[in-house]
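Encoded as structure tokens, the structure appears first; notes follow it.
No experiment lies behind these values; they were computed from the predicted model shown.
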Amino acid sequence: MLETTTTSALHQHQNFPLLSTAKSTPVLVIHNYNLSISKKRKNPCFHSLSCSDYKKRLQVSATRKQQQEQQEQQEEQKLLSGLSDQIWNGKKSLQENGSDEATDLGWLPAFPYALFASMFNFLFGYHIGVMNGPIVSVAKELGFEGNSFLEGLVVSTFIGGAFVGSISSGFLVDKLGCRRAFQGDTIPLVLGAIISAQAHSLDEILWGRFLVGLGVGVNTVLVPIYISEVAPTKYRGFLGTLSQIGTCLGVIASLFLGIHSESDPHWWRTILYIASIPGFILAIGMQFAVESPRWLCKAGRSDEAIEVIKKLWGPSEVNRAIENIQSVIRSDGADLDTSWLELLEEPHSRVAFIGGALFLLQQFAGVNGVLFFSSLTFADVGITNSALASLCVGFTDLAGALNATYLMEKQGRKSLLIGSYLGMTASMLLVVSAISLPVEKDIGNTLSVLGTTMYIFFFASGAGPVTGLIIPELSSTRTRGKIMSFSLAVHWVCNFLVGQFFLELAEKFGVASVYAGFGGFSLMAATFGYYFTVETKGRSLEEIEMSLNPNFLGGNK
């Protein structure tokens, strides 16, 4: 599947400490509170006052002292009253639900919504692979057979539409919320598929592919945002990998259906008509999906947010979740009309840089180039059917995505990202060695296939799903849509550049040299992940936002 600050800013923010999530019992809270009050009364230099300042305060009139003491007592009573209310609410919640553990609803309540959202990525994968085999038949029937420029234009038009969709999706999700934006996104997906299927000229197929790309660009932004915002903290990584699995299944489905196009030159129209069917289903199905509780709170619809939280995370999570969400909204602003210029301000600029850099490194690590050459690599060991070779690649990709569902919460995002890129580096080194070293042809071909398969597996296990998940996790509630839009726009630009110049570079410098460059970018990505990303496993989106925003506490004063 699926970035800019100054150098001094980069060194300043290499590590971003996260907040602690330790829980306290009501008794311990009161004990700590009483202890702090006791220290306050005993310490003459409390609140960083010097001893001389303290002596001056002793000379204040008795009347003023009495007023200050009364004011302090009132503040203490308010704090104690607030603590009592929290304790009472906690006891009431425990009485209603039995225990904290009993109210953990697990991943199942959120699973249908995350799964349904990932079906948009199924369409993403389907449209990536749908032209892989039939492009020859399309070119022959529409009159541009043998023209490599026009064949490439069909592909680049799709990418251009995806770029426009990515840029516009930030505005859509801010204004409409994920659910309505998803429904609107089905319009270009359905229309684009139908126009492409009915095309009788080059212009019509280009318009159809542009509209499909437009829809794909929007949903690649919406899917990770939606899943990250509706998933329980404990299972956000597991549910986040569903988007990568959806992409893999879409690619496999399109490649499988495309096999028949080798014997039927008009079959491409049928598989494009098929692409419109999921769009209708998703448009209707999203009517019954829940909206993101974060967006509902930002839009001032707290009552609806409470009902969604009860449904997805359990009644005992309502008070804590609403308070955390409203705290970050108060700190960062609740205006739905965010500006692109806000991405130039801290801490948003830092996250935008990380998001853009991760997608740039992901694409320049060469996944599309390796996939392009995979059919030739498999042909060297006897798999001459290009569709069958592509299916082997697709199932390897799926196996890696399934592996990520297990490792995402076990290993964490940061370590999985670094390990994935290191594995991709080693895989490229193996392929380069098989091509460059003087080994027997059969051994070299076998090593090339092994290295290619390992590369795809490692990519799908970390670099693919983690990149799409960690960016919305690091983004603030206010700018999450804009940051994801920017990051995915970088992705599509780099995707186009790799596709446009890969063959030219391979012809000029040789495949081994280009693959060595891919390995170098993979190593750079692992290094970047080590120094610039933070671990987000087990942290709520609000806790992550608080820890990355140095002005958060000040904003709440």
Side-chain angles (χ1 to χ4, degrees), residues 1-2 114-115 118 121-122 124-126 128-129 132 220 223-224 227 236-256 358-359 361-375 377-378 383 388-431 447-471 491 495 498 515 518-519 521-523 525-526 529 537:
M1 197 188 92
L2 308 147
L115 180 64
S118 69
N121 267 33
F122 174 87
F124 170 39
Y126 188 93
I128 287 177
N132 190 57
T220 51
V223 171
I227 294 179
R236 193 172 60 241
F238 159 66
L239 294 174
T241 58
L242 293 178
S243 60
Q244 180 72 13
I245 293 175
T247 303
C248 296
L249 291 175
V251 171
I252 291 173
S254 64
L255 293 175
F256 181 77
L358 283 177
F359 271 117
L361 292 169
Q362 182 202 68
Q363 291 302 301
F364 285 165
V367 60
N368 290 321
V370 173
L371 290 174
F372 179 86
F373 251 97
S374 62
S375 59
T377 304
F378 278 93
I383 305 177
L388 183 59
S390 297
L391 279 175
C392 291
V393 171
F395 280 111
T396 302
D397 198 14
L398 177 60
L402 292 173
N403 184 49
T405 62
Y406 172 74
L407 294 177
M408 191 72 75
E409 297 296 354
K410 186 177 179 63
Q411 298 296 328
R413 281 55 145 175
K414 183 174 182 177
S415 59
L416 186 57
L417 183 72
I418 295 171
S420 172
Y421 277 117
L422 290 177
M424 291 162 63
T425 303
S427 302
M428 287 293 94
L429 180 62
L430 180 61
V431 176
L447 291 178
S448 294
V449 170
L450 178 61
T452 300
T453 305
M454 287 173 52
Y455 175 93
I456 295 168
F457 180 82
F458 279 118
F459 174 85
S461 295
V466 173
T467 304
L469 176 64
I470 198 171
I471 298 172
H491 164 274
N495 183 301
V498 171
Y515 273 30
F518 291 162
F521 273 104
S522 296
L523 186 59
K537 181 186 75 171

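The heavy-atom pair separating Tyr515 from Val431 by the smallest distance is CD2-CG1, 3.3 Å. Looking at every heavy atom in both residues, Leu115 comes nearest to Leu242 through N-CD1, 3.9 Å. Of all the heavy atoms in Val370 and Phe518, the pair that sits closest is CG2-CD1, 4.2 Å. The two residues Ser427 and Gly451 have their closest heavy-atom pair at CB-O, 3.4 Å. Of all heavy-atom pairs spanning Ser254 and Gly125, the tightest one is OG-O, 4.0 Å. Closest non-hydrogen pair, Phe521 versus Leu361, comes out as CD2-CD2, 4.1 Å.
The shortest side-chain heavy-atom distance between Ile470 and Leu417 does not fall under the 4.5 Å cut-off. Counting heavy atoms from C-beta outward, Gln244 and Thr405 have side chains that stay 4.5 Å or more apart. A heavy-atom distance below 4.5 Å is not found between the side chains of Phe124 and Val223. Between His491 and Thr220, every side-chain heavy-atom pair lies at or beyond the 4.5 Å cut-off.
Taking SG of Cys248 as the reference point, atom CG of Leu402 lies at 8.0 Å (rounded to 0.5 Å). Thr467 contributes atom OG1, which lies 5.5 Å from atom CG of Leu358 (distance to the nearest 0.5 angstrom). Taken to the nearest 0.5 Å, the CG atom of Asp397 stands 8.5 Å off from the OG1 atom of Thr247. Atoms CD1 and CG, on Ile245 and Asn121 in that order, are 11.0 Å from each other to the nearest 0.5 Å. With rounding to the nearest 0.5 Å, the separation of NZ in Lys537 from CG in Leu469 is 13.0 Å. Expressed to the nearest 0.5 Å, how far CG of Leu371 lies from CD1 of Ile128 amounts to 9.0 Å.
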Please list, one pair per line, the donor and acceptor atoms closer than 3.5 Å that link side chains of residues 455-463 to other protein atoms, with sequence neighbours excluded.
{"from": "Tyr455", "atom 1": "OH", "to": "Ala365", "atom 2": "O", "distance (Å)": "2.7"}
{"from": "Tyr455", "atom 1": "OH", "to": "Val367", "atom 2": "N", "distance (Å)": "3.0"}
{"from": "Ser461", "atom 1": "OG", "to": "Gly400", "atom 2": "O", "distance (Å)": "3.3"}
{"from": "Ser461", "atom 1": "OG", "to": "Asn403", "atom 2": "ND2", "distance (Å)": "3.3"}
{"from": "Ser461", "atom 1": "OG", "to": "Phe457", "atom 2": "O", "distance (Å)": "2.8"}

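Under the rule for a side chain to side chain contact (heavy atoms under 4.5 Å, CB included), the partners of Leu255 that lie at least two apart in sequence or sit in another chain are Asn132, Val251, Ser390, Leu391. Contacts of Glu409 classified as side-chain hydrogen bond (donor to acceptor under 3.5 Å, both in side chains), with partners at least two apart in sequence or in another chain: Arg413. Among residues two or more places apart in sequence or in another chain, the side chain to side chain contact (heavy atoms under 4.5 Å, CB included) test is passed with Ser415 by Gln411. Scanning for side chain to side chain contact (heavy atoms under 4.5 Å, CB included) contacts around Ile418 gives Lys414, Leu422, Ala526, Tyr530, with sequence neighbours left out. Partners of Leu429 by side chain to side chain contact (heavy atoms under 4.5 Å, CB included), not counting sequence neighbours, listed by chain and number: Ser433.
With hydrogens and angles ignored, the 3.5 Å screen pairs no side-chain donor or acceptor of Ser420 with any backbone N or O of Leu416.
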